Amino acid sequence: CFRLCTTYHRPMLLSAAVGLGLAAGVGATPKPVLYGYDVVAYFSLDANDPGVLGSSLYQANLTVGDLSNSSKKMDTTEYTFFFANEKNKNAFEKEPWKYAPRWGGF
């Protein structure tokens, strides 16, 4: 049974180890908003142009808190945005709510 059991459970053990590593932050990479597409670049594209994929080399964080009057509050959350270049990153950092999706969804 040892060989059969270890062969059968190996994928589950690997999955558990990967899960624990990600939970601990080991090897974790930021998951960018909008799958890493540059939100600033969208403002210079024509309607039929494809989006511009950003890079982790140019990233900025946006901290969002719950400003509602509700008794149940959402935790303050930090979202990571990727940009195609330094110019777009700087534009976002200067006026993040000009470029961030208006109704959340990220």
Side-chain angles (χ1 to χ4, degrees):
C1 177
F2 179 75
R3 183 180 177 134
L4 177 61
C5 292
T6 56
T7 302
Y8 174 73
H9 292 291
R10 191 172 296 148
M12 290 191 306
L13 292 173
L14 178 60
S15 177
V18 169
L20 288 173
L22 291 176
V26 176
T29 57
K31 293 187 179 185
V33 172
L34 298 176
Y35 303 103
Y37 281 85
D38 185 335
V39 294
V40 175
Y42 279 110
F43 286 79
S44 63
L45 298 175
D46 289 330
N48 293 325
D49 289 345
V52 176
L53 195 57
S55 165
S56 62
L57 296 174
Y58 309 105
Q59 61 179 303
N61 293 327
L62 177 64
T63 303
V64 179
D66 187 347
L67 301 177
S68 72
N69 293 325
S70 173
S71 61
K72 288 187 176 183
K73 299 270 186 190
M74 117 182 157
D75 292 335
T76 298
T77 308
E78 191 167 276
Y79 296 97
T80 303
F81 288 81
F82 285 4
F83 303 95
N85 54 51
E86 189 74 25
K87 179 182 174 187
N88 288 2
K89 176 187 171 227
N90 291 340
F92 180 84
E93 288 177 330
K94 184 177 178 185
E95 296 183 81
W97 290 110
K98 177 179 179 182
Y99 302 104
R102 295 264 189 256
W103 302 105
F106 52 90

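This structure is a prediction, so every number in the text was calculated from the model and none was measured. Along the sequence shown, residues are numbered consecutively beginning with 1.
- Considering every non-hydrogen atom in both Ala100 and Phe81, the closest pair reads CB-CZ, 4.3 Å.
- Annotation: the span from Leu62 atom CG to Glu93 atom CD amounts to 10.5 Å, rounded to 0.5 Å.
- In the hydrophobic clustering of ILVMFWY residues, with side-chain heavy atoms under 4.5 Å counting as a link, Leu57 and Tyr79 come out together.
- Scanning all heavy atoms of the two residues, the minimum distance from Val52 to Leu45 falls at CG2-CD2, 4.2 Å.
- Between the side chain of Asp46 and the main chain of Asn48, no donor-acceptor pair closer than 3.5 Å is present.
- Cluster membership check: Val64 shares its hydrophobic cluster with Leu34, using side-chain heavy-atom separations under 4.5 Å among Ile, Leu, Val, Met, Phe, Trp and Tyr.
- Ring geometry, Phe92 versus Phe83: the interplanar angle falls from 30° to 60°, so the pair is classed tilted.
- Of all the heavy atoms in Phe82 and Ser56, the pair that sits closest is CZ-CB, 3.6 Å.
- Closest of all the heavy-atom pairs between Leu53 and Tyr35 is CD1-O, 3.7 Å.
- In plain terms, the two heavy atoms of Val40 and Ala91 that are nearest each other are CG1-CB, 4.3 Å.
- Considering CG of Asn90 and OH of Tyr58, their distance stands at 10.5 Å, rounded to 0.5 Å.
- For the residue pair Lys89 and Gln59, the shortest heavy atom distance occurs at CE-O, 3.1 Å.
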